[in-house]
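Only one structure is covered here, and it is reproduced in the block below.
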Amino acid sequence: MAAIVVAAAILRFSTLGARSFWVDEVVVVRLLELRFSDMLGALLGGTEGTPPLYYSLAWVWVKLFGTGEIGLRSLSAIFGTAAVPVAYVAGRQLVSSRAGLAAAALFALSPFLVWHAQDARAHSLAVLLAGLSFVTFLRALREPRGSSLAWWVAASIVGVFSHYFVAFLVGAEAVWLLLAFPSRRVVAALSVIAASVIAFVPVVLAQKSQSIDEGYALYGPLAKRFLEIPAQMLVGEQPPLQRTMSVLAAALVVPALWVVLRKATEAERRAVLIPALVAGAGVAVPLAGAAVGFDYLIARNVLPFWLPTLLIIAIGLSSERAPRLVPAAGVVLCLLWVTINVVTADVPKFEREDWRGAARALGPAHGSRAIVVTPQPGRDPLRIYLSRTGDRVREFGGERAGIAQIDNDRVTLDRVRVREIAVVALPFFLRTAGRRPVPPRPGSPLKVPRGFRLVGRTETDFFTILRFRAPAPVALRRDDLARTRLGSEVPAILVQEGRTR
């Protein structure tokens with residue numbers, strides 16, 4: 001077990017800084033730079049759609065370790081590593097220590113969990129707290145005493161405050177406990193959870209009413225997103241050879257599921273019903289909500305159900321009646337997962353978000369530079385990385401979204417005088433499954449303002465940069481600059497003010 005935890009820590013901590021922040025992580029960075037009260041106000045204003053627990057913890061954390069990639073993401077890595085022994089305890093309580101070790105190994109090596117343990121978001125904390133809720137739920141099932149129920153109540157309430165989807169897991173556990181033990185103690189425990197959740201409803205409504213996010217339909221049809229959930233859970237967010245890896249991982253899981261259905265002992269089959277029904281109910285409720293318009297179903301949101309799902313596989317792999325081929329398939333699955341983790345360790349998030357690389361390629365400005373950025377949400381990560389050069393970077397006009405209420409640093413003039421224009425293009429933020437996103441490349445001549453000529457061109461797998469320069473500074477309107485873009489998307493315009501050469 002110690003070796004498994006060490007392996008989990010190595011996978012999560014060794015490459016924390018290998019990738020650039022992606023757009024959603026930058027929203028967190030900007031929030032954590034505010035005063036605590038302002039941060040909470042921005043959260044209630046719809047900047048984010050998750051509860052404030054993670055942000056409150058991270059706000060304290062960055063005061064000690066900073067808002068760099070390693071400093072901020074290390075908090076998620078700690079949560080992700082701590083969840084591994086929780087998986088062991090769950091497997092041991094359900095069946096045996098052998099099942100616990102199998103669950104811990106799967107939890108330690110899962111590319112999906114490693115990816116989110118290196119993400120400065122609330123998901124890794126939600127996985128840990130949902131796991132604690134499930135473990136204390138198992139204990140309450142075995143010993144429905146006051147202390148066991150109290151631990152479950154505490155873990156469940158804190159879990160719901162980390163991510164709203166944990167509520168679906170807790171709801172399934174609550175129904176099970178009530179049906180198994182319809183006693184006053186259980187009813188009292190459920191009442192405490194219900195009262196806490198109801199008290200939090202105004203926060204949920206405030207976030208939803210102010211949020212620009214109307215669900216996840218933009219990620220594709222509901223059926224497509226539902227089918228992507230098992231694929232991403234098996235091989236992560238960005239495996240190499242996505243379809244091949246998904247099929248191979250599924251084939252390696254099938255023997256464990258076959259054992260559960262056909263070979264497991266009676267005790268193992270009874271045990272596997274608990275995680276199967278809890279995970280099934282936890283996914284079925286948000287799926288039903290999506291079908292009636294409350295559409296927030298996406299793989300990362302169902303992460304709280306990954307522990308009970310992995311427990312089903314772990315029980316099959318560790319069954320007393322499993323043929324030798326079955327644990328061998330589990331070993332191969334673990335090796336496949338390690339390979340995915342190693343091969344993709346330094347690949348930008350979603351194979352597209354290399355804002356740090358783009359900022360380094362741009363470098364500091366000498367004088368005043370206009371930057372035409374696509375896709376538009378990239379203005380914020382690019383600003384953060386360019387600001388590290390010591391230059392002042394502001395936005396030039398345009399409608400703001402996302403973190404508008406926490407950022408008023410804009411150019412308010414009708415025109416800006418610049419000598420250089422940099423066109424920065426990264427891939428569009430949505431991608432087609434199985435295809436690596438590619439940045440736009442210059443085709444027909446760009447509509448560059450008069451007097452500017454091309455002086456530099458950088459093309460990588462993750463971004464395209466074109467530089468144009470004029471003999472002397474030129475006063476330009478936003479529309480003049482917006483026409484100088486790659487692709488058809490509406491760009492963001494930044495103004496970078498550096499030292500004069």
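Since we're looking at a predicted model, the values are computed, not measured. Here, residue 1 is the first one in the sequence, and each next residue gets the next number. Scope of the values below: all heavy atoms of this structure, side chains included, with no hydrogens, waters or symmetry mates.
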Do [X] and [Y] sit within salt-bridge range, that is, some charged N less than 4.0 Å from a carboxylate O?
X: R321; Y: E268; result: no
X: R98; Y: E320; result: no
X: E33; Y: R383; result: no
X: D380; Y: R30; result: yes
X: R300; Y: D119; result: no

For F226, look at atom CZ and say whether over 12 heavy atoms of other residues, nucleotides or ligands are found less than 6.0 Å away.
-> no

Any chance CH2 of W176 has more than 12 other-residue heavy atoms, nucleotides or ligands included, within less than 6.0 Å?
-> yes

Less than 4.5 Å apart, any side-chain heavy atom of [X] and any of [Y]?
X: V160; Y: F200; result: no
X: Q242; Y: P239; result: yes
X: I4; Y: Y88; result: no
X: V28; Y: E48; result: yes
X: P52; Y: L40; result: yes
X: V197; Y: V170; result: no
X: Y164; Y: V203; result: yes
X: S162; Y: L129; result: yes

Going through the distances and angles, do W355 and V23 end up as a side chain to side chain contact (heavy atoms under 4.5 Å, CB included)?
-> CA-CA 9 Å; W355 298 107; V23 169; 4.1 Å; yes

Report the C-alpha separation of M233 and V302 in whole Å, then their side-chain angles, then the decisive distance to 0.1 Å, and conclude whether the side chain to side chain contact (heavy atoms under 4.5 Å, CB included) test is met.
-> CA-CA 10 Å; M233 284 188 159; V302 298; 3.5 Å; yes

For the backbone of [Y] and the side chain of [X], can you confirm whether one donor and one acceptor N or O come within less than 3.5 Å of each other?
X: S110; Y: F107; value: no
X: Y385; Y: S20; value: no
X: R269; Y: T265; value: no
X: S124; Y: G80; value: yes
X: W61; Y: G71; value: yes
X: R139; Y: S148; value: no
X: S97; Y: G100; value: no
X: D38; Y: L34; value: no
X: Q238; Y: V347; value: yes
X: T81; Y: A77; value: yes

Can you tell which of R121, R356, R73 makes a salt bridge (Lys or Arg N to Asp or Glu O under 4.0 Å) with E25?
-> R73

Quick one: pull up [atom1] in [X] and [atom2] in [Y] and give me the separation to the nearest 0.5 Å.
X: R352; Y: D461; atom1: CZ; atom2: CG; answer: 15.5 Å
X: L248; Y: L234; atom1: CG; atom2: CG; answer: 10.5 Å
X: L317; Y: I312; atom1: CG; atom2: CD1; answer: 12.0 Å
X: L303; Y: L128; atom1: CG; atom2: CG; answer: 12.5 Å
X: E353; Y: D24; atom1: CD; atom2: CG; answer: 8.0 Å
X: Y55; Y: L43; atom1: OH; atom2: CG; answer: 6.0 Å

Taking the six-membered ring of W115 as reference, does the NZ or CZ atom of K349 fall below 6.0 Å from its centre and within a 45° cone about the axis?
-> yes

Establish, yes or no, whether the cationic atom of K63 lies under 6.0 Å from the six-membered ring centre of W59 and within 45° of the ring axis.
-> yes

Decide yes or no on side chain to side chain contact (heavy atoms under 4.5 Å, CB included) for H116 and E237, but give the supporting numbers first.
-> CA-CA 9 Å; H116 284 284; E237 293 275 5; 3.3 Å; yes

Go through F21 and L72 one step at a time and tell me if the side chain to side chain contact (heavy atoms under 4.5 Å, CB included) criterion holds.
-> CA-CA 10 Å; F21 281 133; L72 179 53; 4.3 Å; yes

Over 60° means perpendicular and under 30° means parallel, so tell me whether [X] and [Y] are parallel, tilted or perpendicular.
X: F165; Y: H163; value: perpendicular
X: F112; Y: W306; value: perpendicular
X: F79; Y: Y54; value: perpendicular

For D295 and R225, run salt bridge (charged side-chain N to carboxylate O under 4.0 Å, His left out): C-alpha distance rounded to whole Å, both residues' side-chain angles, the deciding distance at 0.1 Å, then the answer.
-> CA-CA 11 Å; D295 188 0; R225 285 178 280 129; 2.6 Å; yes

May I ask you to check whether Q118 and T15 show a side-chain donor-acceptor distance below 3.5 Å?
-> yes

Determine the minimum heavy-atom distance between L307 and G131, stating which atoms define it.
-> CD2-CA, 3.6 Å

P144 versus L149, closest heavy-atom pair with distance | O-CD1, 4.2 Å

